[in-house]
Each structure stands twice: as structure tokens, then as C-alpha cells.
There are 2 protein chains.
Amino acid sequence: MAAKTTSAIRVLEDACRAGGLPVTTQRREIYDVLVHRTDHPTADQIWDAARQRLPELSRTTVYRVLDTFVKLGVATRTPNVGAAVRFDPRTERHHHAMCRECECVIDVESPNLDRIRLPDGALIGFEFDDYSVHIRGLCAACQRRRSRRESATRKER
Amino acid sequence: MAAKTTSAIRVLEDACRAGGLPVTTQRREIYDVLVHRTDHPTADQIWDAARQRLPELSRTTVYRVLDTFVKLGVATRTPNVGAAVRFDPRTERHHHAMCRECECVIDVESPNLDRIRLPDGALIGFEFDDYSVHIRGLCAACQRRRSRRESATRKER
DNA sequence: TTGTATGCAAAAGGTTTGCAATGAT
DNA sequence: ATCATTGCAAACCTTTTGCATACAA
């Protein structure tokens, strides 16, 4: 675990050096929070978590640091349907399942989805870089919520 | 053209009746704006367009009406990486190309992408409904912008 | 020492809510 | 007549900006 944290931070350090940017305490903490989460947190959620260890940390810095991460290529903004931007520490090709009720996002691993053949981007004037598959559905928690609600309704009658 | 507008509006009217909701002037105008656009506009862009014909229309109403459309199933919120929610009048399976520079979104038609085999949702506790493919890349306009910038840089030297 | 990052305060979007008046069926 | 919708104003949440100070290299 400790070893894993160390190697994860190294990714950030290398990226900062490559970009000629200083490795600050804030960047380290924020990256550490992000890289240990798989729930595609918003800037505010990251701020809440990082403040536990860095109480002086300002929201502004979180926004700026996340922006830097995206530019450095150590994080991505994930497509989402809500009003707050979400971030993902994974930059390789992978896929997402999104709950239609609670809007939570879960990573989907699938070698099949990784090797889809895209149409020719030139047809719509695009240069295609990469893609991901977004699956909509109902997550486990919301399925439970739904059946609880249904059995409650049945009892009422 | 006129015939197309009429039949498009019928989709909304049917949906409202099915949901037991009144068909208001505002809902008609907003639907008319949305259904004739393919650029996945934000609520504000829709407001700007609809106000041309309905000057009293308030922003609040646009937000509420779009929400109703999504609940009625005549529009969807499209996944996006920016700070403003975007809407799409298409509810059938289709795919999107998104520009990494300007964040514009263009529809991608492809029978191949329409028949991807998804992994088993149960593996991550999900009930999968549907999916779409999100392609990232550089749009035609941003490609031109880029080459213009490059030739300008060359002249400077 | 130098250039960049940070924190604060304030502003600028974007979205939601309460309430009285209006409109659709 | 009835119930839902609309517009307004205000609140709320998210993100950005300007500026003086602090920090990493």
C-alpha cells in the first residue's frame, strides 16, 4: 500500500518535471486523493478529502491543480450529465457505466470494448484520437432502493 | 419543412398526453428549438433561441421544461466534460464525437457502433439499459485554427 | 533568486426554489 | 373548476479571476 502510493506519486513527479513545473505539496496531496478513488469525484469532493490532511487548502487551488493535471496528462475530465465537472486519474482507454438514478459512474473493463473499429473521422471532418463506451443503466444500490420501494408500496395497499 | 415541424411537435404532444401533462406554448417553442438543432445546446443557448419568438420566456422555465422533456423521454441529457448541462432531442441509440479543443459535439452515425456486444452488467452489479460511444478528437474548425496558428508562427521567425 | 503556485476575496456562470399569478384541460 | 405551469426574485452551487504573498527549484 505504502509502496503503491509512492509509485503513484512518482507518476505525478515525472509529469511535473517533464512539464517544467514544480512539485508542490498541494499537487501531491490532491493527486494522492484522486489516484486512490475510482468514483470519478468532482472538484469539491476532492477538496473535502484533501482538506483532511491539508486544512489550509483552498477550493481555488483544487480547481487550478486539477486543470494542470489534465494538461500534464495525468488525469482526465470524464463526460458526465450533471452540473459539476468530474475527474478520473486513469488516462488509458477504458469505459464507464453510469447510473440513470444516482448518476454514479463505475469503470468497465472489457478487452472487447477496447478494440472497437471506429468509422472514418474524415466523414465528419474530425481527426479521431480515442474513444470510450458509456453505458447507461441502474447501479446495484439503486436496484435495491427500487425493490425496497416496491415492497413498501405493496404493503400500503 | 413546415410538415416536418408539425410532425415533430406531435411527438411532444403525444408524450405530454401520455404523461397527463398540458401542452403549453412554452413547451412547444422550446421543443421546436431543440428538435431542429444537432449541436447539443445548453439550456442557455436554447433560451436565447426560443426568446426570439417568445420574448417573455424565462430562463427558469427553460430549465424546468427541459427537465420535463427528459422525464417524458423526448430528450436526453448528453454526457459532456464542460460546466453546463447539454441536451439532445434524439433518444435512439447514436454516438458522439467531441472536440478536445472547443468541446463541440457532433453526432456519429454508424451501424457498426450500434451493434456492439456489451459485457455482462451483473459483473459490476449493473442492469445495463443502453450505451453510446464517445469519440474524442479535433473538429474541422479547430484543425483549421491550428494550421493557421502554425503558419503564423512560422512567419514570425 | 526567479518564476510559478497558493490563498483570499470577489465576480461570474449555471441551476434551483418559493411564491403569486396565469394557463391548459 | 382544477391542477399544473409560468415568471420573477432570490438563493445556491460551481467555476474563474485579480492580486499580494509564499514556495520550489
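Not measured: the values here are computed from a predicted model.
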For the side chain of B:His36 and the backbone of B:Leu34, is there at least one donor-acceptor N/O pair under 3.5 Å apart? no

B:Arg64 side chain, from C-beta outward: closest of D:dT15, D:dC8, C:dT4: D:dC8

Are A:Asp130 and A:Arg93 ion-paired here, with the side-chain N under 4.0 Å from a carboxylate O? yes

Do any N or O atoms from the side chain of B:Gln52 and from the backbone of B:Ala49 form a donor-acceptor pair under 3.5 angstrom? no

When the distance from CG of A:Leu72 to C1' of C:dT4 is rounded to whole Å, what number comes out? 13 Å

Would you call A:Asp48 and A:Arg59 a salt bridge, using N to O less than 4.0 angstrom? no

To the nearest Å, give me how far apart CH2 (A:Trp47) and P (C:dT6) are. 15 Å

Looking only at the side chain of A:Val23 (C-beta and beyond, no hydrogens), which of the listed nucleotides D:dT14, C:dT15, D:dA25 gets closest? D:dA25

Selected nucleotide, minimal atom distance to A:Arg27 side chain, candidates D:dT15, D:dG7, C:dA5: C:dA5

If I take atom CG in residue A:Asn80 and atom P in nucleotide C:dT15, what distance separates them, rounded to the nearest angstrom? 11 Å

Just to confirm, is there a sub-4.0 Å distance from OP1 or OP2 of C:dT15 to any side-chain nitrogen or oxygen of B:Tyr63? yes

Please determine, for the side chain of B:Ser58, which listed nucleotide (D:dT15, D:dC8, C:dT6) has the closest atom? D:dC8

Starting from P on D:dG7, measure out to CZ on B:Arg51 and report it in whole angstrom. 12 Å

Hey, is the side chain of B:Thr60 poking within less than 4.0 Å of OP1 or OP2 on D:dG7, counting only N and O atoms? no

Spacing between B:Arg77 atom CZ and C:dT15 atom P, to the nearest angstrom: 8 Å

More 5' along DNA chain D: B:Gly82 or B:Val62, using each one's nearest nucleotide? B:Val62

Would you classify B:Thr25 as touching base, sugar-phosphate or nothing, given that sugar-phosphate means primed atoms plus P, OP1 and OP2, and contacts are heavy atoms under 4.0 Å? sugar-phosphate

Interatomic distance where CD belongs to A:Gln45 and P belongs to D:dC13 [whole Å]: 14 Å

At 4.0 Å (heavy atoms only), tell me whether B:Thr24 reaches a base, stays on the sugar-phosphate, or touches nothing. sugar-phosphate

Please give, in whole Å, the distance from C:dA11 P to A:Arg59 CZ? 17 Å

Assess the side chains of A:Asp114 and A:His95: does a donor N or O sit below 3.5 Å from an acceptor N or O? yes

Whole-Å distance separating the CD atom of B:Gln26 from the P atom of D:dA4: 17 Å

